[in-house]
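These numbers come from the heavy atoms of this one structure, side chains and all, not from hydrogens, waters or symmetry mates.
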There are 4 protein chains.
Amino acid sequence: MGRKAVYTETELLDATEKLLITHGYEGFHLKLLSEHVNGARSTIYQYYANKEELIAACVRRAMQRILKKIEVIDETDVMDALHATLRAYIDESKLHQILSVISKVKGEQSTNTQADIAYVKEGHDLLRQQLFRIMTRAQQEQKLRQDIPVMAILTVFFTFVDVPNTMGVSNDDWTNMLFKIWLEGVKLG
Amino acid sequence: MGRKAVYTETELLDATEKLLITHGYEGFHLKLLSEHVNGARSTIYQYYANKEELIAACVRRAMQRILKKIEVIDETDVMDALHATLRAYIDESKLHQILSVISKVKGEQSTNTQADIAYVKEGHDLLRQQLFRIMTRAQQEQKLRQDIPVMAILTVFFTFVDVPNTMGVSNDDWTNMLFKIWLEGVKLG
Amino acid sequence: MGRKAVYTETELLDATEKLLITHGYEGFHLKLLSEHVNGARSTIYQYYANKEELIAACVRRAMQRILKKIEVIDETDVMDALHATLRAYIDESKLHQILSVISKVKGEQSTNTQADIAYVKEGHDLLRQQLFRIMTRAQQEQKLRQDIPVMAILTVFFTFVDVPNTMGVSNDDWTNMLFKIWLEGVKLG
Amino acid sequence: MGRKAVYTETELLDATEKLLITHGYEGFHLKLLSEHVNGARSTIYQYYANKEELIAACVRRAMQRILKKIEVIDETDVMDALHATLRAYIDESKLHQILSVISKVKGEQSTNTQADIAYVKEGHDLLRQQLFRIMTRAQQEQKLRQDIPVMAILTVFFTFVDVPNTMGVSNDDWTNMLFKIWLEGVKLG
DNA sequence: TATGAATGAGGTTTCATTCAT
DNA sequence: TATGAATGAAACCTCATTCAT
């Protein structure tokens, strides 16, 4: 019963995510969104009580997506696990941009929003801790150099994730190349 | 001598830069700026015709600053030059954030703005080309591995610049550590 | 017998009346109403063409209710009639609040609404005239002082109706107390 | 320095008060206000941060006005004091309408608003307590009947304040008439 | 020149009402 | 018939920019 929806919630979040990436938190407007989705601006309020709630839900979904991908990585072989992790992040190359939005979301009004913010924050910590754990194990297994603090290795790793694929190669090739550079450096011999 | 002007152009640009870093292009407002500077909001228009012009001037100045620092680097020794370059960038750790603002500046209105945008774009290319040149030379001199395209090495280098100093060490130490990782990688042995 | 309708017209008007009292004309919304009744907002339009029509019907019903109560009052004894009248009004303590809403209802659109507005206006006059008549009779019968115009006595009477029962006593006791004050005043002796 | 203001704060509050009386809290809009004052809607925000703050300030001012009038009343003679009090309230015949608005004002956002709300609430209590005190004294001095609780006398008094001047006489005459009715009642002899 | 004040454009949100299932 | 969904009008509020002192 009732009229057919002009778009699904998924479509709404997809469009939101795209616009958050291209315009950033402050440049994201509901008018903009409504122009990228067929339907009136006010219709958005059928799905989310306000802009903040929508953005928070969008960021949360992105976090859920990466968590799901990271979760299934086999940690038997430490180096394979790191490689797979890098690949997962590169597949979600815009992830950091989206997640960083969460720091601007104002959650005072809605408990929904607050819950989403908390979820994303926890996800952040989880991802960081898991990588820290794996890398520590890699150091112990003599797979990573020990004269550099894990924290530094980790931070560099997180930055590699954001290296733009200026070569325009496949994600597979790009992951392999970055992983190699991360491991071996760029110096000859 | 007359009464001190409410604020000098330099103070205005300094405040603008700080706020662009903390709030981003879309989060930067003249009201905000006037609250961080001693004088009224409308006085800003004595210096710049509009917001875009102010922002463009601010980004231009940042580009000038880094160009000046890069310009004086001695290129005799290729690897020293790269190290010094990394150090220069790390000293200007927020540089990328500022420069990236330029892509959002709308320059249709003012030729001043357009000139500034062009200047920044050219500076960008200049920096990139210079590094490209140095790295190519380094490859030729057998200082950098040849199985990885210079473009990839370069892109990674540019990303290193943005690795946040999570260890909280001095810029000197941080540069050394990053440079070492960039060169040698994180793998043991 | 078929499924029970989501709500009867009576339920709708009851809820409307309650909300008009608590929120006033301007604070009354159909969304609010639909939340206080079992059924969807749009279903309201099956009963009334628009918000104004609903409100007008609600006020009209309240007027009908008080008219019915006043109508049956035995006027044989003038003072008993006045006492009974006060009691009837006090039983409908929120009446004035509801009736006053009518002045805000916009009736241009619907003849139904216009008819309801007219009905309420006429009822108003009727009530006033009837009381005026009784009081004039009471004056003639030497039951009410003659040095005060009936109009003033009447207006004061109408105000007594709205004295909030701050003592929290029964309607019976409250009526008696107010009637006594109205008649005898508050001065000692 | 700076442009000449289109209206003073007093004019703004006067217009606000008038509109609050005629349209009520929920029917009061800034667009409406801007139409009753020369100047654009957005100009209002130069004076008050938001609608609630404006309304709260308006109600506060009304409370201040009545407090000032009540304050100066000479309490030497208890009955004279009560008469003067009634007169003061009748001069501010719309007072209750304005003050009642305060219960709808949402003050969560602004401490200014909260302070104004508190001020009005306290003023309310003050007025009530002062009258209670005077009336209690009047009872003790055998000026008011003792078979009726002061609370009831007080409540009736507060209602008298709102009796509309349907006779169209001067405030002086109206006060005298109401005071007489309040004291002596409407019964003959 | 510096600035307080004014303002219109544009963004957010709510709500009566309509649509289509 | 009942309703979920859509929507435009209208309210609130912010901000870049202009005005006039």
Side-chain angles (χ1 to χ4, degrees), chain A residues 1-8 26-34 37-54 109, chain B residues 2-7 26-34 38-54 106 109, chain C residues 2-7 26-34 38-55 106 109, chain D residues 1-8 26-34 38-54 109:
Chain A
M1 217 172 296
R3 196 146 103 175
K4 206 178 68 178
V6 282
Y7 42 67
T8 67
E26 318 269 6
F28 173 82
H29 304 307
L30 292 192
K31 195 187 166 209
L32 192 66
L33 177 57
S34 74
V37 99
N38 68 355
R41 203 184 337 178
S42 59
T43 305
I44 298 167
Y45 289 86
Q46 299 270 353
Y47 295 81
Y48 295 95
N50 53 50
K51 195 173 75 151
E52 304 297 303
E53 212 162 281
L54 164 64
Q109 310 277 6
Chain B
R3 190 157 58 99
K4 175 188 177 292
V6 278
Y7 38 68
E26 317 272 4
F28 173 83
H29 304 306
L30 292 193
K31 196 184 165 207
L32 191 67
L33 177 57
S34 74
N38 171 37
R41 195 178 359 164
S42 54
T43 306
I44 297 168
Y45 288 84
Q46 306 282 347
Y47 295 82
Y48 297 96
N50 53 48
K51 195 172 79 151
E52 304 297 302
E53 211 162 284
L54 164 64
K106 289 176 274 296
Q109 312 277 8
Chain C
R3 190 158 59 97
K4 174 187 177 296
V6 279
Y7 39 69
E26 316 273 4
F28 173 82
H29 304 305
L30 294 193
K31 196 186 166 206
L32 191 67
L33 176 57
S34 74
N38 172 37
R41 193 178 359 165
S42 55
T43 306
I44 298 168
Y45 289 84
Q46 305 283 345
Y47 295 82
Y48 297 96
N50 53 50
K51 196 173 79 152
E52 303 299 302
E53 211 163 283
L54 163 63
I55 293 176
K106 289 174 274 297
Q109 311 277 5
Chain D
M1 216 170 295
R3 195 147 104 177
K4 204 177 69 178
V6 282
Y7 43 68
T8 68
E26 318 269 5
F28 174 82
H29 304 308
L30 293 192
K31 195 188 167 208
L32 191 67
L33 177 57
S34 74
N38 69 353
R41 203 183 337 177
S42 58
T43 304
I44 298 167
Y45 290 88
Q46 299 269 354
Y47 295 80
Y48 296 96
N50 52 51
K51 196 173 73 151
E52 305 298 304
E53 214 161 281
L54 164 64
Q109 310 278 6

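- The side-chain contact (heavy atoms from CB on, under 4.5 Å) check on B:F28 picks up B:T16, B:L19, B:L20, B:L30, B:L33, B:K51, B:L54, B:I55, with sequence neighbours excluded.
- A straight line from OH of D:Y48 to C1' of E:dA6 spans 17 Å, rounded to a whole angstrom.
- With sequence neighbours excluded, no residue satisfies side-chain contact (heavy atoms from CB on, under 4.5 Å) with D:K4.
- Checked against side chain to side chain donor-acceptor pair (under 3.5 Å), C:Y48 has the following partners two or more places apart in sequence or in another chain: C:E9.
- Atoms CD and OH, from D:Q46 and D:Y7 in turn, are 8.5 Å apart once rounded to the nearest 0.5 Å.
- Rounded to whole Å, atom P of E:dT12 lies 15 Å from atom CD of A:Q109.
- Rounded to a whole Å, the CD atom of C:E26 is 11 Å from the P atom of F:dA11.
- Side-chain atoms of A:S34 and A:I44, non-hydrogen and from C-beta on, do get closer than 4.5 Å to each other.
- Along DNA chain E, the nucleotide nearest to D:Y47 and the one nearest to B:I44 differ in position, and the one closer to the 5' end is contacted by B:I44.
- Taking CD of D:E53 as the reference point, atom OH of D:Y47 lies at 15.0 Å (rounded to 0.5 Å).
- Residues passing the side chain to side chain donor-acceptor pair (under 3.5 Å) test with B:E52, sequence neighbours excluded: B:Y25.
- From one end of the helix from E:dA2-F:dT21 to E:dT21-F:dA2 to the other, with five pairs defining each end axis, the axis direction shifts by 20° (rounded to 10°).
- Between C:E26 and C:H29 the shortest heavy-atom distance is O-CE1, 3.7 Å.
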Inset, instruction - Could you encode protein contacts along nucleotides 16-21 of chain E as a string, one character per nucleotide from 5' to 3', using B for base contact, S for sugar-phosphate-only contact and - for no contact, with a heavy-atom cut-off of under 4.0 Å? - result: BBBBBB
